[in-house]
Participant: 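So that we are looking at the same thing, I have put the structure below in structure tokens.
Here, residue 1 is the first one in the sequence, and each next residue gets the next number. Side chains are part of it too, since the values below use all heavy atoms of this structure and drop only hydrogens, waters and symmetry mates.
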Amino acid sequence: MNQLQQASLHDLEQFSMFEGLAESLMNQILEHSRLVELSRGQALFRQGETARNTYYCISGQLKISRSTRYGTEKIVEIASPGDNLIGAMLFNRQRRYSLDCRAIKASRVLSVDSTELFKLLSLSQPAYMNIVQELSDRFEALIDHVELLSVDKAKFRVAYYLLDQYKKNGRQDLFLLDSSKKNIASYLSVQPETLSRCLRSFKQSGIADSHSRKVKILDAARLENMANGFDCAA
């Protein structure tokens with residue numbers, strides 16, 4: 001990792017955790033903040049390491065994963081700009097990372113000393129409310145993902161993911177997948193070849209066409225029906 005200059009107020013303001021905080025508090029947080037640059041494939045932190053810093057993605061993309069007892073990697077989250085990379089770990093008394101984090105592509109990350117950040121945020125009511133809201137949002141996202149993985153049919157998982165990407169891209173018919181198919185397959189707990197087979201099926205059924213990471217939604221209504229488990233024809 002390459003440690004850079006001290007972060008700026010603009011860097012902090014990109015994240016919901018710091019919205020609405022007094023400038024004096026923001027300046028105190030900045031005293032304990034740095035910017036970190038990662039090259040593709042470089043680790044930010046590893047499972048079991050002491051969690052000395054809290055991280056936020058400014059640019060690039062990172063995968064947050066866990067090594068299973070069978071020696072395989074399971075991607076828990078694909079983080080993009082604006083994401084908090086460790087969530088509730090800030091409040092873990094043991095302060096150890098329970099997951100691995102590695103850059104998928106060149107990335108820039110905001111690093112804040114965890115101990116000092118916890119002390120400072122505990123002094124502010126707006127900061128406390130931001131923390132509660134962020135943890136609530138992450139909990140809801142986790143529940144959604146657990147529910148998605150409980151679906152037996154892979155095509156429904158893939159349809160749900162495509163629909164989510166479609167919505168994140170402003171419902172534009174043409175967009176790029178936010179990561180490689182290998183990473184997406186791990187995130188959805190399917191084999192890469194299963195993901196490719198589902199995408200071919202969607203093309204044949206007139207739901208969505210894809211080439212490499214480019215996706216064109218052909219029938220958004222039917223894609224949404226499939227994501228909700230209502231369309232079994234594909």
Side-chain angles (χ1 to χ4, degrees), residues 14-17 19 56-57 59-66 72-85 87-88 99 101 104-105 107 130 132-234:
Q14 296 183 51
F15 303 97
S16 60
M17 178 75 81
E19 285 182 1
Y56 304 84
C57 179
S59 65
Q61 191 177 71
L62 305 99
K63 62 179 179 180
I64 301 174
S65 63
R66 189 177 181 91
T72 58
E73 177 189 65
K74 174 65 181 75
I75 295 179
V76 177
E77 184 178 356
I78 298 173
S80 300
D83 288 340
N84 179 343
L85 299 178
L99 300 165
C101 183
I104 294 174
K105 56 186 178 182
S107 301
N130 286 351
V132 171
Q133 184 61 55
E134 179 156 323
L135 293 179
S136 175
D137 291 345
R138 291 181 72 90
F139 180 76
E140 290 295 330
L142 178 61
I143 292 298
D144 286 345
H145 191 57
V146 170
E147 181 179 0
L148 176 62
L149 297 185
S150 71
V151 176
D152 289 334
K153 292 185 180 297
K155 65 181 179 182
F156 293 150
R157 299 185 194 181
V158 177
Y160 185 95
Y161 182 82
L162 288 184
L163 180 65
D164 182 61
Q165 293 289 298
Y166 172 62
K167 291 178 179 178
K168 286 181 177 178
N169 283 277
R171 295 184 178 271
Q172 296 293 317
D173 290 340
L174 186 64
F175 58 86
L176 292 175
L177 294 174
D178 67 356
S179 191
S180 69
K181 290 181 180 179
K182 179 182 177 182
N183 288 333
I184 293 169
S186 175
Y187 178 68
L188 296 176
S189 289
V190 300
Q191 294 298 316
E193 54 268 28
T194 301
L195 173 61
S196 296
R197 186 165 59 249
C198 290
L199 292 174
R200 286 196 299 270
S201 174
F202 293 167
K203 179 179 180 179
Q204 293 167 359
S205 301
I207 296 174
D209 190 9
S210 63
H211 177 69
S212 186
R213 289 175 60 177
K214 292 182 181 179
V215 174
K216 183 175 178 60
I217 302 301
L218 305 174
D219 191 334
R222 193 170 171 205
L223 177 66
E224 186 158 7
N225 282 338
M226 176 167 286
N228 292 321
F230 299 138
D231 190 330
C232 299

Participant: From Ile75 CD1 over to Ser189 OG, what is the distance, rounded to the nearest 0.5 angstrom?
Facilitator: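 Going from the CD1 atom of Ile75 to the OG atom of Ser189 covers 10.0 Å.
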Participant: Applying side-chain hydrogen bond (donor to acceptor under 3.5 Å, both in side chains), name anything that partners Asn169, two or more places apart in sequence or on another chain.
Facilitator: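 Not a single residue meets the side-chain hydrogen bond (donor to acceptor under 3.5 Å, both in side chains) criterion with Asn169.
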Participant: Just by modelled atom types, is the Tyr160 backbone N or O under 3.5 Å from a matching donor or acceptor in the Asp164 side chain?
Facilitator: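 No; judged by distance alone, with no hydrogens or angles, the pair does not exist.
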Participant: Taking Ala220's backbone N and O only, do any of them form a donor-acceptor pair with Arg171's side chain (distance below 3.5 Å, no angle check)?
Facilitator: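 A pair under 3.5 Å: no.
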Participant: If the condition is side-chain hydrogen bond (donor to acceptor under 3.5 Å, both in side chains), which residues does Lys181 pass it with, not counting sequence neighbours?
Facilitator: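 Per chain and number, Lys181 pairs via side-chain hydrogen bond (donor to acceptor under 3.5 Å, both in side chains) with no residue.
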Participant: Is there a side-chain contact between Gln14 and Pro81, using heavy atoms and a 4.5 Å cut-off?
Facilitator: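 Not in contact.
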Participant: If you look at every heavy atom in Leu62 and Cys57, which pair is closest and at what distance?
Facilitator: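 Looks like CD1-SG, 3.6 Å.
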Participant: Ignoring hydrogens and geometry, is there a side-chain-to-backbone donor-acceptor pair from Ser196 to Pro192 under 3.5 Å?
Facilitator: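 Yes: the side chain of Ser196 pairs with the backbone of Pro192.
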Participant: Show your reasoning for whether side chain to side chain contact (heavy atoms under 4.5 Å, CB included) applies to Arg157 and Cys198.
Facilitator: CA-CA 10 Å; Arg157 299 185 194 181; Cys198 290; over 6 Å; no
Participant: Working to the nearest 0.5 Å, report the span between CD1 of Ile184 and CD1 of Ile78.
Facilitator: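 Here the interatomic distance stands at 6.0 Å.
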Participant: In Å and rounded to the nearest 0.5 Å, what is the CD to CG distance from Glu77 to Leu99?
Facilitator: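 Glu77 CD to Leu99 CG: 9.5 Å, rounded to 0.5 Å.
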Participant: In Å, rounded to the nearest 0.5 Å, how long is the span from OH of Tyr56 to CG of Leu85?
Facilitator: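 Atom-to-atom, Tyr56:OH and Leu85:CG are 9.0 Å apart.
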Participant: Just do the side chain to side chain contact (heavy atoms under 4.5 Å, CB included) check on Gln165 and Val215 with the steps written out, would you?
Facilitator: CA-CA 10 Å; Gln165 293 289 298; Val215 174; over 6 Å; no
Participant: Would you call Asp173 and Tyr166 a side-chain contact if the rule is heavy atoms closer than 4.5 Å?
Facilitator: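 They are in contact (side-chain heavy atoms under 4.5 Å apart), so the answer is yes.
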Participant: Working note: Lys153 + Met226, criterion side chain to side chain contact (heavy atoms under 4.5 Å, CB included); need CA distance, chi angles, decisive distance, verdict.
Facilitator: CA-CA 11 Å; Lys153 292 185 180 297; Met226 176 167 286; over 6 Å; no
Participant: Nearest 0.5 Å, what's the NZ-NE2 distance between Lys203 and His211?
Facilitator: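 The distance works out to 9.0 Å.
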Participant: Ignoring hydrogens and geometry, is there a side-chain-to-backbone donor-acceptor pair from Ser107 to Lys105 under 3.5 Å?
Facilitator: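 At least one qualifying donor-acceptor pair exists.
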Participant: Ignoring hydrogens and angles, tell me if any N or O in the side chain of Lys74 forms a donor-acceptor pair with the backbone of Ser186 under 3.5 Å.
Facilitator: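 Checking the backbone N and O of Ser186 against the side chain of Lys74, a donor-acceptor pair under 3.5 Å is found.
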Participant: For Ala185 versus Leu195, what's the shortest heavy-atom pair and its separation?
Facilitator: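 Between these two residues, the closest heavy atoms are N-CD2, 4.1 Å.
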Participant: So for atom NZ, which belongs to Lys214, do other residues, nucleotides or ligands contribute more than 12 heavy atoms lying within a distance under 6.0 Å?
Facilitator: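 Incorrect, the count does not exceed 12.
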Participant: Please lay out, stage by stage, how Phe202 and Leu218 fare under the test side chain to side chain contact (heavy atoms under 4.5 Å, CB included).
Facilitator: CA-CA 9 Å; Phe202 293 167; Leu218 305 174; over 6 Å; no
Participant: Please round to the nearest 0.5 Å and tell me the distance separating atom CD1 of Ile104 and atom OG of Ser80.
Facilitator: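 Answer for the CD1-OG pair, Ile104 versus Ser80, is 8.0 Å.
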Participant: Give a yes or no on whether the backbone of Gly206 and the side-chain of Arg222 come within a donor-acceptor separation of less than 3.5 Å.
Facilitator: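 Here the side-chain-to-backbone pair does not exist.
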Participant: Quick one: are Leu199 and Leu162 in side-chain contact, heavy atoms under 4.5 Å?
Facilitator: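 The answer is yes; the side chains approach within 4.5 Å.
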